[in-house]
Asker: 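Have a look at the structure that comes next, please.
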Amino acid sequence: MIRQAVRQAVKILGDQFVMGRTIEDALSRAQGYEAKGYAFSYDMLGEAARTAIDAERYLQRYMMAIEAVGKAAGPLDTVHADALFKRPGLSVKLSALHPRFEPGKDVQLAAELGPKLFSLATAAEARGLTLTVDAEEQDRLEVTLDLFAQVFTHKSLAHWNGLGIAVQAYGKRAIPVLRWLRRLAERTGKRIPVRLVKGAYWDTEIKLAQESGLSDYPVFTRKLNTDVSYLACARLLLSHPAAFFPQFATHNAHTLATVYVAAGPTQFEFQRLHGMGEALYEQVVGPGTLGKAARIYAPVGDHEDLLSYLVRRLLENGANTSFVNRLADDDAPVAQIIRDPVEAAEQERVEGAAIKLLPRPRELYWPERKNSVGLALDNRFVRQELVEEMVAALQPSFAAGPIIGGKVSAGGIDDDLVLCPHNHMQRLGTVREATGEQVDTALVQATVALHDWDRKGVAHRGRVLEVAADMFERDRSKLMAVIVREAGKTIPDALADVREAVDFLRYYAAEARKLMSEPRSFRSPTGETNTMELRARGPVACIAPWNFPLAIFTGQIAAALVTGNTVLAKPAEQTPITAFLAVQILHEAGVPTDVLHLLTGGGEVGIALVKDTRVKGVAFTGSNETAWSIQKMLAERRSDIVPFIAETGGLNAMIADSSALPEQIVRDAVRSAFTSAGQRCSAARVLFVQSEIAGRTIDMLAGAVRALEIGDPFDFATDIGPVIDDLSQDALEAHKLRLQRAGSEIVDADVPEDCRTGSYVSPAVYEIQRIDLLEREVFGPILHVVRFERGHIDKVVDAINGRGFGLTLGLHSRIESVADYVAEHARVGNLYVNRSQIGAVPGVQPFGGEGLSGSGPKAGGPNYLIRFTTERTRTTDITATGGNVPLLVREIPEDD
Ligand code: FAD
Ligand code: NAD
């Protein structure tokens, strides 16, 4: 019954906001409105395309719609430009036409998406219709403008004024974008129909900017400013009638009235969405009204395609800043609702009124700590500058080696070469392994230095870490360049690695201050004080993996240092140069050279450290095999029993039930499984998908994997770089062979020819019957899919638990009780609901597993630092030194 009621409710909502299930339905429903004087712009609903096939399907849908709308409208029998603007049109979302409509993919988009937009434009021209490019997220603004210009300036469309574009007034770049469009129009002698909107993705923009650590938001953060921007943009449009045909899309009566007055006799039209602003537009269209031209944006599509559109409309209607919402609120004073935004902004400026602003992305965690600085990689100039800096940073060859007491041993002729995983012919530098003697010297110094460092106090140590964090940001381009070349990470991954390292430094500094600034006092019997303080344990061995060569390496060291320990840092043998640079920065920031030592080398160096009884704690991240071996070595030591923090691998699953949207599942599964070529401990290895949606999801997954670009990670367009080395490549290929024999391949993309000199493994998806078929973690770009039957979520969770790992779990479901069930029963450290399962941020998503996946506590969490400390309690009998003074001088109340 509930199912039916919900279906009915969705249908009612669908009918309210969607013009028709098919273009034919929509065209026939439009007739009534056309009789009233409205024109139409039809939009084909759907999620962003995930695959080339989906994109092609959307293109065909648009093509058919152009045919149908053109046929219904009849031929355009005059060449007068104004006639075109009165005709129906179509609106197109570029994200529907290409699976990778993303910043940085300029070349591919110009070659693949440009021609598609061109073919739609040509078809629209032939039918005498207009075509408007919708505005999407701000990070797609540059690519949108590029594609628009590519088609707009095409010589075969030299006389057509029908290609329009939507511009978002909430974007801080709105005015520059309009100026740019004006120049484009002037250069070509054409007019651009510009649909001015305020913008539909405000909350998404804010979240993205915060996550990305941008210097500021790309959109205004106050509604008032968006309204002012809208009016400024409107004036700009209206004052250039030769360049623009302005189209004002709004449901706000005040905005509409202001534009109407400002426009005077200038030609323009208003636009509204189907299902919204009806009452307002009764005053705009038709006889006895303002009598202005108005157009309805008419979404067309089936119920299954309307979800994201519907959600945007519901959010818009529900937002308490929105005009339509406030109008419906009987308590909101009318004078407030129709307040002139320009006057209000001016008044605030003059009065210097206190305005509550959203914290800027970098102030998100302030005053506790700064957010790590990110980069607006969607901006071409930012990318260009970054690449130039990275190229320059790679000019000298690097010579890494042990740093003991600040003394570097490196650069000898016998040192090993450090080759790049993307191309084994390319060398990044050299590395020298630490000798047994050097390990010993480092341990002697670290033991002696301990007391002083511990006594320095947490305030000092925290400051040093914060200085180091700033220096990591100063040297960001160099660190990123080395990470890309040494670990084969893509540029966005390398940026994330630097940011995570910086976050660890600042977060642990802040946490240590909370924990260690003052001894903790306990309630005690009178005559006695009892306090407890946290102190350093001793020299700590920090043994790191290569897959986050900076972040994990730095995180372990930062935690040990800030709690007063001295550190023997052992990076992975594959990524010594990154570690070398990091240790140099930490020293420059003020970590004494006898407190932090770098011991480059392989497992033997790790073994030497772990076996040495002067080491009073081990922080390890890596494979289970190594963790077991360390545990055994520690157990065999006949000395103090020391803490061992082990963060190990996982057989991570993602579960998707039939309530989830395949587009969203696929987006997040691909991100979770293939980012960093699948070499993240958190990566999804097994996707459990409910059989009702399995077919569609698997097809889409295959298409999305085919759309991934494999290549040199230094290239922005690359999605998948190499795996770390040949050993790893061989293991992954062997795993694929086994799966291929079982005949379960869904997709295995091709590695381009020019990647043959590197350790590349193509991204692949296999279907398997049960997760039990996987014996161990598969550390690379291979995703396994298992189907499950409706009502069997419990069995899925049991099967996942049964493997004994417990690191990450992704869940895609819109049913809260399912999420609650999974959260209750899954034995995993990090559960991610309706998003990807990678990219934990220190202090935000404390990270770490249980069971076979790690000992805890979580890195970047509030309990991590305590493991690096020892607790010392001090009990003082104060009567022993001449009486209980506080008791004696205590004021005694009258009635005591
Ligand atoms: P108002 O209630 O006056 O404005 C609401 C808007 O103010 C929000 O949507 C947001 O943009 C802005 N806002 C709200 N809170 C804040 C804040 N705290 N700080 C800053 N700004 C804030 N949108 C697109 O993004 N791309 C399109 O291609 C697009 N096409 C459209 C086509 C038509 C015909 C119409 C009518 C709308 C279209 N929209 C598009 C949606 C449009 O952006 C929203 O409908 C519009 O923002 C609502 O504005 P309003 O003037 O009707 O309402
Ligand atoms: P690994 O275990 O091979 O090496 C990790 C580190 O241990 C390296 O520095 C290595 O030199 C050292 N080492 C190797 N043998 C040793 C020994 N016997 N004694 C002491 N030290 C020794 O792991 P890896 O290949 O570098 O990293 C990938 C693994 O790390 C994956 O399993 C991944 O899941 C795991 N990982 C886990 C997390 C997490 O947070 N849980 C994070 C990142 C990586």
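Just follow the structure's listing: the first ligand is 1, and inside any ligand the first atom is 1.
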Asker: Any N or O on Asn252 sitting closer than 3.5 Å to an N or O of ligand 1?
Answerer: yes
Asker: List ligand 1 atoms under 4.0 Å from Phe220, heavy atoms only on the residue side.
Answerer: 19 (N), 20 (C)
Asker: Closest non-hydrogen protein atom to atom 46 (C) of ligand 1, residue and atom name please, with distance?
Answerer: Glu316 OE2, 3.9 Å
Asker: If the cut-off is 4.0 Å to any non-hydrogen atom of Ala249, which atoms of ligand 1 fall inside it?
Answerer: 33 (C), 34 (C), 35 (C), 36 (C)
Asker: Is there at least one pair of N or O atoms, one from Gln271 and one from ligand 1, spaced under 3.5 Å apart?
Answerer: no
Asker: Checking contacts here: is it the side chain or the backbone of Thr221 that comes within 4.0 Å of ligand 1, counting heavy atoms only? Could be both or neither.
Answerer: backbone
Asker: Would one find more than 12 heavy atoms of other residues, nucleotides or ligands at under 6.0 Å from atom CZ of Arg776?
Answerer: no
Asker: Could you tell me whether some N/O pair between Tyr297 and ligand 1 is separated by less than 3.5 angstrom?
Answerer: no
Asker: Answer with yes or no whether the side chains of Arg195 and Ser91 bring together a donor and an acceptor at under 3.5 Å.
Answerer: yes
Asker: Any nitrogen or oxygen of Arg195 lying under 3.5 Å from a nitrogen or oxygen in ligand 1? Just yes or no.
Answerer: yes
Asker: With heavy atoms only and a cut-off of under 4.0 Å, state how Tyr201 meets ligand 1: side chain, backbone, both or neither.
Answerer: side chain
Asker: May I ask you to check whether Arg272 has an N/O atom sitting below 3.5 Å from an N/O atom of ligand 1?
Answerer: no
Asker: Looking only at protein heavy atoms, which one is nearest to atom 4 (O) of ligand 1, and what is the separation?
Answerer: Lys223 CE, 3.2 Å
Asker: Looking only at non-hydrogen atoms, find the nearest pair between Ala294 and Val285 and report the distance.
Answerer: CB-CG2, 3.4 Å
Asker: Any N/O of Val197 closer than 3.5 Å to an N/O of ligand 1?
Answerer: no
Asker: Quick one: CG on Asn252 to CG on Asp227, what's the gap to the nearest 0.5 Å?
Answerer: 6.0 Å
Asker: If the cut-off is 4.0 Å to any non-hydrogen atom of Asp134, which atoms of ligand 1 fall inside it?
Answerer: 28 (O)
Asker: Side chains of Phe779 and Ser728: does their closest heavy-atom pair fall under 4.5 Å?
Answerer: no
Asker: Using modelled atom types only, decide if a donor and an acceptor are shared between the side chain of Gln631 and the backbone of Ala627 within a distance under 3.5 Å.
Answerer: no
Asker: Heavy-atom cut-off of under 4.0 Å around ligand 2: list whichever protein residues fall inside it, by chain and number.
Answerer: Ile543, Ala544, Pro545, Trp546, Asn547, Ile552, Lys570, Pro571, Ala572, Glu573, Gly602, Gly603, Gly606, Ile607, Phe620, Thr621, Gly622, Ser623, Thr626, Ser629, Ile630, Met633, Glu647, Thr648, Gly649, Cys681, Glu777, Phe779, Leu807, Phe847
Asker: When rounded to the nearest 0.5 angstrom, what is the spacing between CD in Gln438 and CG in Leu568?
Answerer: 12.5 Å
Asker: Gln168 heavy atoms, cut-off 4.0 Å: which ligand 1 atoms fall inside?
Answerer: 24 (C), 25 (O)
Asker: Specify the protein heavy atom at minimum distance from atom 14 (C) of ligand 1: its residue, its atom name, and the distance to 0.1 Å.
Answerer: Thr321 OG1, 3.4 Å
Asker: Would you call Asp203 and Lys207 a salt bridge, taking side-chain N to carboxylate O under 4.0 Å as the test?
Answerer: no
Asker: Can you check whether Val177's main-chain N or O pairs, donor with acceptor, with Arg173's side chain at less than 3.5 Å?
Answerer: no
Asker: For atom 2 (O) of ligand 1, what's the nearest protein heavy-atom neighbour? Residue, atom name and distance, please.
Answerer: Phe323 N, 2.4 Å
Asker: Could you check atom 49 (O) of ligand 1 against the protein and tell me its nearest heavy-atom contact, residue, atom and distance included?
Answerer: Lys198 CD, 3.7 Å
Asker: Below 4.0 angstrom from a heavy atom of Thr250, which ligand 1 atoms are there? Numbered from 1 as shown, please.
Answerer: 50 (P), 51 (O), 52 (O)
Asker: Measuring from atom OG1 of Thr626 to atom CZ of Phe620, what distance do you get when rounded to the nearest 0.5 angstrom?
Answerer: 4.5 Å
Asker: Which one of Gln138, Glu136, Lys198 satisfies the side chain to side chain donor-acceptor pair (under 3.5 Å) criterion with Gln168?
Answerer: Gln138
Asker: Please find out if less than 6.0 Å separates the ring center of Phe248 from that of Tyr260.
Answerer: no
Asker: Measuring from atom OG1 of Thr250 to atom OH of Tyr281, what distance do you get when rounded to the nearest 0.5 angstrom?
Answerer: 6.0 Å
Asker: For residues Asn652 and Tyr832, is any side-chain donor paired with an opposing acceptor at under 3.5 Å?
Answerer: no
Asker: Between Gln679 and Trp546, is any pair of side-chain heavy atoms under 4.5 Å apart?
Answerer: yes
Asker: Counting only heavy atoms not in Arg360 (residues, nucleotides, ligands), do more than 12 fall under 6.0 Å from its CZ?
Answerer: no
Asker: Between His251 and ligand 1, does any nitrogen or oxygen pair lie at a separation below 3.5 Å?
Answerer: yes
Asker: Can you find a side-chain donor-acceptor pair between Gln556 and Thr621 that sits under 3.5 Å?
Answerer: yes
Asker: Would you indicate which of Val219, Ile165, Thr226, Thr255 comes nearest to atom 22 (C) of ligand 1 when only heavy atoms are counted?
Answerer: Thr226
Asker: May I ask you to list the atoms of ligand 1 that are less than 4.0 angstrom from any heavy atom of Ser322?
Answerer: 2 (O)
Asker: Which option wins on minimum heavy-atom distance to atom 26 (N) of ligand 1: Ala135, Gly199, Ala166?
Answerer: Ala135
